[in-house]
Amino acid sequence: MAAPSADRRIVIENAAIATVDANDTEYASGYLVVAGNRIESLGAGKAPENLENVVRRIDATGHLITPGLINTHHHFYQWITRGLATDHNLFNWLVALYPTWARIDERMVRVAAQGSLAMMARGGVTTAMDHHYVFPQGSGDLSGAIIGAASEMGVRFTLARGSMDRSEKDGGLPPDFAVETTEGALAATEETVKKYHDASFDSMTQVAVAPCSPFSISTELLREGAALGRRLGVRMHTHGSETVEEEKFCHELFGMGPTDYFESTGFLGEDVWMAHCVHMNDSDIAAFARTKTGVAHCPSSNARLAAGIARVPDMLKAGVPVGLGVDGTASNESGELHTELRNALLINRLGAHREAALNARQALRLGTYGGAQVLGRADSIGSLEAGKLADFVLWKIDGLGHSSIADPVTAIVFGAAAPVTASFVNGEQIVENDRLLTVDENTIARDARTEAQRLARIAAQA
């Protein structure tokens with residue numbers, strides 16, 4: 001690990017700090033020193049004296065500093081189809097919306113990505129992820145549009161280049177005109193990885209191989225996708241075990257449940273993470289633990305689509321890496337990850353473990369270090385430690401919503417969504433007092449409404 005640059009330092013003092021390191025180290029009042037794009041030092045009390053090249057000092061009294069939040073599952077394009085099919089389960093919801101989604105184009109996707117990213121970033125997300133799998137013919141450079149939006153926002157980003165090749169005529173859910181050929185999907189995915197993936201320690205853009213789901217892809221695409229990901233040395237992602245309908249589908253079509261099916265195609269492993277994993281039996285969890293396959297837990301979306309409660313406490317006990325995901329904003333209209341800390345804790349307490357399911361610090365770990373594990377970046381982000389990248393958030397906890405809660409971590413997890421006074425990515429500030437510094441939110445909101453209306457008109461005419 002290279003030493004941090006010392007030509008520009010930012011010193012933050014008088015903050016409560018939750019490092020989310022291996023020992024859950026916390027400081028009631030401490031400091032954080034940033035040198036270039038790295039965390040140089042942190043600890044209790046005041047920062048070291050006589051630091052050189054200090055360009056900024058921040059008095060963070062009344063704030064909690066945490067690692068930046070890390071989103072591990074999303075579908076940005078859905079920002080312009082929010083509020084539709086609100087009383088459907090997953091399969092019916094997909095059938096209702098696929099015909100609309102199959103008519104997206106590059107302009108729509110870029111604006112939707114801007115909206116999705118903006119909502120997360122101003123709420124403390126410093127690393128975002130998008131699983132994009134709808135590529136209509138003639139729709140333009142969708143991957144480039146998404147990556148461009150993330151770069152403009154200043155957010156660290158993973159694009160999971162998705163794909164679908166099983167349409168209605170093959171027994172899948174997407175309409176026939178909404179899928180790619182198997183060969184075309186694999187070739188386009190490889191091209192995207194080679195064009196955009198950066199494997200460096202401080203990378204701002206990475207790409208994963210991500211066939212969509214068992215009911216929208218062929219076995220060949222899944223198997224060859226796993227082989228492609230390993231040949232290129234990148235991670236792999238897909239949806240798995242989201243609903244009882246999916247479980248039934250896999251047994252009827254493949255003669256086995258989703259986890260066994262994924263393992264039979266090579267799509268389990270420490271370089272794989274799976275979205276949802278709601279309907280997992282003991283054997284499934286053991287397989288994920290044995291192979292170190294990660295999970296993106298999406299509590300709000302699972303509830304919105306009545307999918308069920310994922311066995312997160314059992315996964316964590318077994319040693320499965322688990323992070324948090326917003327999921328697409330057509331099944332989680334708020335589009336915010338910081339509210340998922342609270343929802344993950346509350347929803348899991350409705351399950352078998354009740355009040356012992358998760359506590360506040362476990363929820364914060366899911367949204368930070370757990371996400372870094374799932375994205376394969378735990379060496380560089382996800383905790384506040386000297387030498388790691390300077391991705392962190394200052395949460396204001398001395399205001400009306402939080403001042404009477406003594407414990408800072410309890411305040412941001414159990415309390416209302418805490419205001420973000422500042423959010424830093426790679427040592428650069430991107431949020432100040434709940435407002436984005438890199439883009440204009442009003443322009444994004446206006447453009448999103450325009451593109452949502454344009455897509456609705458096109459879908460209605462079709």
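Every value quoted in this text rests on a predicted model; they were computed, and no experiment measured them.
For E191, the CD atom counts as loosely surrounded, since its 6.0 Å shell holds 12 or fewer non-hydrogen atoms of other residues, nucleotides or ligands. Within 6.0 Å of atom CD in E270, 12 or fewer heavy atoms from other residues, nucleotides or ligands are found, so the atom counts as exposed in its surroundings.
A distance-only check finds a donor-acceptor pair linking the side chain of W273 to the backbone of T72 [under 3.5 Å]. The main-chain N or O of G172 is never found under 3.5 Å from a side-chain atom of D170 such that the two would form a donor-acceptor pair. A distance-only check finds a donor-acceptor pair linking the side chain of T19 to the backbone of D21 [under 3.5 Å]. In this structure a side-chain-to-backbone donor-acceptor pair under 3.5 Å is present from H197 to V207. In this structure, N92 contributes its side chain and H88 its backbone to no donor-acceptor pair below 3.5 Å. With T238 contributing its side chain and P211 its backbone, the two residues share a donor-acceptor pair below 3.5 Å. Within the 3.5 Å criterion, the main-chain N or O of C212 finds no donor-acceptor partner in the side chain of S216. At least one donor-acceptor pair closer than 3.5 Å links the side chain of T189 to the backbone N or O of A185. R235 places no side-chain N or O within 3.5 Å of a backbone atom of A160 that could act as its donor or acceptor partner. Put simply, the side chain of T293 never gets that close to the backbone of L268: no donor and acceptor are under 3.5 Å apart.
For the atom pair NE2 (H73) and CG (L375), the distance works out to 12.0 Å, reported to the nearest 0.5 Å. We find the CE-CZ distance between M280 and F288 to be 4.0 Å, quoted to the nearest 0.5 Å. For the atom pair N281 CG and T259 OG1, the distance stands at 7.0 Å (nearest 0.5 Å). Taking CZ of R377 as the start and OH of Y369 as the end, the distance is 13.5 Å to the nearest 0.5 Å. With rounding to the nearest 0.5 Å, the separation of SG in C298 from CG in N332 is 8.5 Å. Rounding to the nearest 0.5 angstrom, the gap separating the CG atom in D260 from the CG atom in D284 is 6.5 Å.
A side chain to side chain donor-acceptor pair (under 3.5 Å) with R156 is found for one member of N426, D202, T126 and no other, namely N426. Considering L142, I146, T205 as possible partners of L159, the one that fulfils the side-chain contact (heavy atoms from CB on, under 4.5 Å) test is I146. Looking at F215, F267, F254 one by one, the single match for ring-ring contact (aromatic ring centres under 6.0 Å, His included) with Y261 turns out to be F254. For the ring-ring contact (aromatic ring centres under 6.0 Å, His included) test with Y133, the passing option among H237, H75, H74 is H75; the others fail.
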Report task. Give the intermediate values and the outcome of side-chain hydrogen bond (donor to acceptor under 3.5 Å, both in side chains) for residues E247 and S241. Result -> CA-CA 6 Å; E247 179 90 14; S241 300; 5.0 Å; no

Requested in this report: Output, in order, the C-alpha distance, side-chain angles, deciding distance and verdict of salt bridge (charged side-chain N to carboxylate O under 4.0 Å, His left out) for E451 and R454.
Outcome: CA-CA 5 Å; E451 294 306 309; R454 182 165 72 91; 2.7 Å; yes

Report task. Starting from the C-alpha separation in whole Å, work towards a yes-or-no answer on side chain to side chain contact (heavy atoms under 4.5 Å, CB included) for F414 and L345. Result -> CA-CA 8 Å; F414 278 84; L345 184 148; 3.7 Å; yes

Query raised in the report: Can you list the steps and then say if I217 with S213 is a side chain to side chain contact (heavy atoms under 4.5 Å, CB included)?
Result: CA-CA 6 Å; I217 58 176; S213 60; 5.9 Å; no

**Report entry** Criterion side chain to side chain contact (heavy atoms under 4.5 Å, CB included) on L64 and I17, from CA distance to verdict
**Finding:** CA-CA 6 Å; L64 170 67; I17 301 176; 5.7 Å; no

**Report entry** side-chain hydrogen bond (donor to acceptor under 3.5 Å, both in side chains) between W395 and T66, intermediate numbers included
**Finding:** CA-CA 8 Å; W395 307 93; T66 72; 2.9 Å; yes

Requested in this report: List the steps and the verdict of salt bridge (charged side-chain N to carboxylate O under 4.0 Å, His left out) for D271 and K292.
Outcome: CA-CA 8 Å; D271 51 1; K292 297 184 175 9; over 6 Å; no

Requested in this report: Quick one: do D198 and S200 satisfy side-chain hydrogen bond (donor to acceptor under 3.5 Å, both in side chains)? Show the steps, please.
Outcome: CA-CA 6 Å; D198 176 5; S200 66; 2.9 Å; yes

Query - Verdict with reasoning, I309 to N348, per side chain to side chain contact (heavy atoms under 4.5 Å, CB included) - result: CA-CA 7 Å; I309 302 171; N348 278 280; 4.3 Å; yes

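A salt bridge links E180 with R161: the distance from a Lys NZ or Arg NE/NH1/NH2 to an Asp or Glu carboxylate oxygen falls below 4.0 Å. One finds no salt bridge joining D447 and R110 here, because no Lys/Arg side-chain nitrogen approaches an Asp/Glu carboxylate oxygen to under 4.0 Å. Look at E385 and K388 and you find a salt bridge, because one of the NZ, NE, NH1 or NH2 atoms lies within 4.0 Å of a carboxylate O, short of that distance. With respect to the salt-bridge test (charged N to carboxylate O, under 4.0 angstrom), the residues R122 and E336 do not qualify.
For the residue pair G308 and N302, the shortest heavy atom distance occurs at O-CB, 3.6 Å. Closest heavy-atom contact between M164 and V134: CE-CG2, 4.2 Å. Across all their heavy atoms, H279 and E242 have their closest contact at CD2-O, 3.4 Å. A pairwise comparison of heavy atoms in A344 and L358 identifies O-CD1, 3.7 Å as the closest pair. When all heavy atoms of T182 and S218 are compared, the closest pair comes out as OG1-OG, 3.9 Å. The minimum heavy-atom distance between I80 and A112, with the atom names listed, is CG2-CB, 4.1 Å.
The side-chain heavy atoms of V155 and T127, taken from C-beta on, include no pair separated by under 4.5 Å. Inter-residue side-chain proximity for E263 and R290 is flagged as met; some heavy-atom pair is nearer than 4.5 Å. By the 4.5 Å heavy-atom criterion applied to side chains, L341 and L366 are not counted as neighbours. Side-chain contact between F157 and D130 is present, with heavy atoms from C-beta onward closer than 4.5 Å. Counting heavy atoms from C-beta outward, V439 and L436 have side chains that approach closer than 4.5 Å. With a 4.5 Å cut-off on side-chain heavy atoms, V95 and W93 do not count as touching. With a 4.5 Å cut-off on side-chain heavy atoms, V234 and V209 count as touching. With contacts defined as side-chain heavy-atom distances shorter than 4.5 Å, the pair R354/R349 does not qualify.
Centroid-to-centroid, the aromatic rings of W79 and W101 stay 6.0 Å apart or farther. The ring of Y77 has its center closer than 6.0 angstrom to the ring center of H132. Residues H276 and H297 keep their aromatic ring centres 6.0 Å or farther apart.
Listed by chain and number, the residues in a side chain to side chain donor-acceptor pair (under 3.5 Å) with R361 are E26, D407 (sequence neighbours excluded).
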